[in-house]
Asks: 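Shown below is the structure under consideration.
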Amino acid sequence: MAFTAGDLWSGLGVLALWLGIPAVVISVVVWLLRRRGSTAIAVKATRVLSGAFLGLALLSAISATLKLTLQRDVYLNDELRMWTLENRDALLSPSCTDGTYPLETDSAAGRTAIFLCDSSIENVPFGPRFVIYLGAILALVAAAAIAWAIQVAAYHAEIGDVFDRSVPRTFAVSAIIAMTAAVTGALLTAIGMTLAARSLDWPEGDLPPFFFDIPLWPFLVALGMFALAAIFRHGARLQRETAGLV
């Protein structure tokens, strides 16, 4: 597949958008806190932003649920999309590559037609879509677990109880949840995508393969969170020992 300068600028534009939006939000939050004369602005901003992220995660979960209910299309991930497009000629299901859409109902089979349209599959059965939905929800759970740990730590820092016992415990539990949910979610997404691609009518023995690479970032994030849990636990122990000397 050939890439053009337009693809490069489009990708850079998306990257700038993803970096620019958080920068603007952070700037607005800091400005509002300064106007209110707040102290410990960094801590307060961290707590506000982590809380906002939890809210966005909830809205994303609601959006995913609505999509599962209302939409029947699935956009394939990169490797499976490339394989499907490269093997399009062998596909027995209808396709919309000529700019026209197949009839909504396959009169011969008496059911809704499943067809390929560029990188998406239309009228995918509920089973594959539900598996993909579970994968998306678990990915949101992983992200929310990290945000919740940051929220708890920022809250206790704001009230002057940085080394509260709940902080290291929250980091440790959130690390396990984030790691497990992220890896399981990625696996379910890969399974759902494969099932969606195989719901098309392929020649016997020419089914789409299963693509899955174990993501490494959840393990790295979990390692960092376990390290923070150990640091906060050590700080709490030092605080207790120091208090005993006074």
Asks: Looking only at heavy atoms, which two atoms of Ala90 and Asp206 are closest? And how far apart?
Replies: CB-OD2, 3.6 Å
Asks: Do Phe226 and Phe171 make the cut of ring centroids closer than 6.0 angstrom?
Replies: no
Asks: Decide if atom CD1 of Ile62 counts as having more than 12 heavy atoms of other residues, nucleotides or ligands within a radius under 6.0 Å.
Replies: yes
Asks: What do you reckon, is CZ of Arg198 surrounded by more than 12 foreign heavy atoms closer than 6.0 Å?
Replies: yes
Asks: May I ask you to decide if Gln71's main-chain N or O and Arg129's side chain share a donor-acceptor pair within less than 3.5 Å?
Replies: yes
Asks: Determine the minimum heavy-atom distance between Met225 and Ala149, stating which atoms define it.
Replies: CE-CB, 3.8 Å
Asks: Whether the side chain of Arg47 engages the backbone of Ala154 through a donor-acceptor N/O pair (distance < 3.5 Å, no angle test) should be reported.
Replies: no
Asks: Within the distance-only criterion (no hydrogens, no angle test), does the side chain of Ser63 pair as donor or acceptor with the backbone N or O of Ser60 below 3.5 angstrom?
Replies: no
Asks: Could you report the tightest heavy-atom contact between Pro203 and Leu92, atom names first, then the distance?
Replies: N-CD1, 4.1 Å
Asks: Using 0.5 Å steps for rounding, measure from the CZ atom of Phe115 to the CD1 atom of Ile121.
Replies: 10.5 Å
Asks: Does anything in residues 193-218 form a ring pair (Phe, Tyr, Trp, His ring centres under 6.0 Å)? List the pairs, not counting sequence neighbours.
Replies: Trp83-Trp202
Asks: For Phe219, which residues count as a ring-ring contact (aromatic ring centres under 6.0 Å, His included) partner, sequence neighbours excluded?
Replies: none
Asks: Restricting to non-hydrogen atoms, name the atom on Leu200 and the atom on Leu116 that form the minimum distance, rounded to 0.1 Å.
Replies: CD2-N, 3.9 Å
Asks: Side-chain atoms of residues 177-195: list all donor-acceptor pairs with protein atoms under 3.5 Å, sequence neighbours left out, distances to 0.1 Å.
Replies:
residue : atom : partner : partner atom : Å
Thr180  : OG1  : Ile176  : O            : 2.9
Thr184  : OG1  : Thr180  : O            : 2.7
Thr189  : OG1  : Gly185  : O            : 2.9
Thr194  : OG1  : Ala190  : O            : 2.8

Asks: Consider only side-chain N and O atoms of Ser120 and Glu122, and report whether a donor and an acceptor are under 3.5 Å apart.
Replies: yes
Asks: Might you point out which heavy atoms bring Leu54 and Ala144 nearest each other, and give the distance in Å?
Replies: CD2-O, 3.4 Å
